[in-house]
Number of protein chains: 2
Amino acid sequence: MNRDRQFKDTVYEQLSRIGKAVSSPKRLELLDLLCQGPKKVEVLAKETDLSVANTSQHLQILRGASLVESRKEGLYVVYRIADSDVCVFFRSMRMLAGRRLAELELTVQRFLKEREGLETVDREELLERVRHKSVTVIDVRPPEEYEAGHIPGALSIPLKKLQSRLAEIPKDRQIVAYCRGPYCVLAVKAVDILRSQGYKAIRLEDGVPDWRARGFKVATGSNK
Amino acid sequence: MNRDRQFKDTVYEQLSRIGKAVSSPKRLELLDLLCQGPKKVEVLAKETDLSVANTSQHLQILRGASLVESRKEGLYVVYRIADSDVCVFFRSMRMLAGRRLAELELTVQRFLKEREGLETVDREELLERVRHKSVTVIDVRPPEEYEAGHIPGALSIPLKKLQSRLAEIPKDRQIVAYCRGPYCVLAVKAVDILRSQGYKAIRLEDGVPDWRARGFKVATGSNK
DNA sequence: CAAGTAATCAATAAGATAATAGAATAGTTG
DNA sequence: CAACTATTCTATTATCTTATTGATTACTTG
């Protein structure tokens with residue numbers, strides 16, 4: 001029955017290729033970023049605080065596991081998620097971690113929740129309001145990510161430009177800011193800024209992958 | 001902006017605990033087995049062809065990632081999945097691998113499919129027949145796994161006992177054998193044996209976790 | 001076609017991981 | 001309470017991983 005053992009070893013060896021790919025914190029960060037849209041190596045390196053060489057190596061490991069693909073575009077190499085299933089998988093991993101790892105919840109509580117004053121908004125309710133456009137939604141991610149996919153009706157106001165573009169935001173309506181997902185800090189900061197300016201602002205934890213996973217439509221392209 | 005970096009590092013570090021846990025082939029095999037039901041260390045060691053000491057270590061790593069739990073029961077330590085979400089996650093990983101990794105598909109084709117003569121049964125159709133009990137379903141896993149959860153109406157006939165219990169299986173009906181899932185060899189062997197004895201037997205790729213994931217009921221306990 | 005740029009490759013050192021074997025522990029049974 | 005059993009712990013070795021650095025490749029652009 002040695003043939004069975006060999007078969008099993010090969011099968012689980014293959015499965016573990018996916019596991020190995022997602023066993024490094026930096027590769028998970030890269031994957032999370034790529035779930036927001038395609039990106040050049042340089043950008044990924046900057047976002048993750050890695051050297052370009054190191055980023056490149058991690059990306060090749062992800063590519064080896066068929067989780068991402070790369071294509072030379074002009075002077076740059078652009079990496080992208082190989083299949084939307086990869087984002088679904090990443091999300092299921094993120095949610096499992098969120099539910100099972102107490103330390104993770106704690107880290108987030110300390111960093112994000114304290115700033116928002118632990119506001120308890122009903123998420124489903126908030127999503128409904130976003131869906132029915134009864135609130136002003138702003139997407140504070142970099143513009144390329146907005147273009148790659150955003151919540152329909154959302155305004156693209158990257159965090160970096162927020163201060164200078166406050167005039168575009170109505171002061172009398174409820175503002176909802178979102179970014180890459182529950183572990184992204186952009187929307188948290190946006191809410192900080194908006195509130196200090198007297199806006200009624202709130203953060204939506206979900207990112208575009210979460211929005212999509214709920215079966216809601218995602219818009220692409222610039223808002224002109 | 002160093003505080004942000006620290007936060008991100010902590011978050012992805014946490015996420016990677018799950019990734020590290022599923023980055024070893026042997027741990028994946030253990031997880032797959034535990035998704036079939038709770039098991040003693042000894043049994044897990046035998047099933048995976050690992051030494052007991054080595055098995056114990058791997059199990060502790062899985063426990064460190066909160067994927068499994070252990071409890072001393074009499075003379076033995078019994079390990080079990082910590083939460084059914086873990087099986088859902090494992091399944092999503094298995095399916096991602098199945099879809100993305102060509103080598104995996106190839107390995108399975110070579111080992112399993114050739115024996116079944118590459119029979120092309122419509123899986124949905126087969127599941128329907130199993131669901132409506134218009135076929136005789138046999139569960140060829142060890143009895144403990146059957147007791148921990150099985151397809152309603154299935155007969156428990158462990159592969160080891162199949163030869164001696166052929167009399168219990170009606171010869172005029174279609175027989176469907178299932179085991180742990182798509183990468184388990186038990187049902188393949190059962191079908192081999194049954195066919196050689198003149199039965200109209202076929203293998204169902206799905207295991208109990210897949211059955212459950214489709215929203216179908218799972219029965220527990222022995223069949224008396 | 002030379003200079004410049006983005007990405008990758010190669011070599012290394014530090015650190016983590018896995019299997020093994022033997023010792024130790026905790027609990028059970030005679 | 002001594003012998004036994006299942007599991008875990010410890011130490012060791014061999015094997016991977018990761019980050020770093022500097023060199024190299026593949027393109028583009030002047």
query: What nucleic acid atoms does B:Q57 come within less than 4.0 Å of, heavy atoms only: base, sugar-phosphate, or nothing?
result: base
- request: Using only heavy-atom distances, determine whether the side chains of B:Q14 and B:R17 contain a donor-acceptor pair under 3.5 Å.
  value: yes
field: Between A:S92 and B:S92, a side-chain donor and acceptor under 3.5 Å
entry: yes
query: Is any NZ, NE, NH1 or NH2 atom of the basic residue among A:E13 and A:K8 found under 4.0 Å from an Asp or Glu carboxylate oxygen of the other?
result: no
message: So, does B:N54 get its side chain near the phosphate of C:dA18, meaning an N or O under 4.0 Å from OP1 or OP2?
response: no
field: Test ring-ring contact (aromatic ring centres under 6.0 Å, His included) applied to B:F89 and A:F89, step by step
entry: CA-CA 8 Å; B:F89 170 73; A:F89 170 73; 5.5 Å; yes
task: Remember a base hit wins even if backbone is also touched, and classify A:T55 as base, sugar-phosphate or nothing at under 4.0 Å, heavy atoms.
output: nothing
query: Is the phosphate of C:dT17, meaning OP1 or OP2, less than 4.0 Å from a side-chain N or O of B:H58?
result: no
- line: Which of C:dA18, D:dT21, C:dG27 is nearest the side chain of B:K72? It is C:dG27
Residue whose closest nucleotide on DNA chain C lies nearer the 5' end, B:E73 versus A:A53: A:A53
query: Below 4.0 angstrom from OP1 or OP2 of D:dT8, is there any side-chain N or O of B:Y79?
result: yes
message: Considering every strand and a 4.0 Å limit on heavy-atom distances, what is the contact class for A:S24: base, sugar-phosphate, or nothing?
response: sugar-phosphate
- request: Examine C:dT17: is either OP1 or OP2 under 4.0 Å from a nitrogen or oxygen in the side chain of B:R27? Give yes or no.
  value: no
field: Between C1' of D:dA19 and CD1 of A:I61, the distance in whole Å
entry: 11 Å
- prompt: Just checking B:V52: base, sugar-phosphate only, or nothing, at a heavy-atom cut-off of under 4.0 Å?
  reply: base
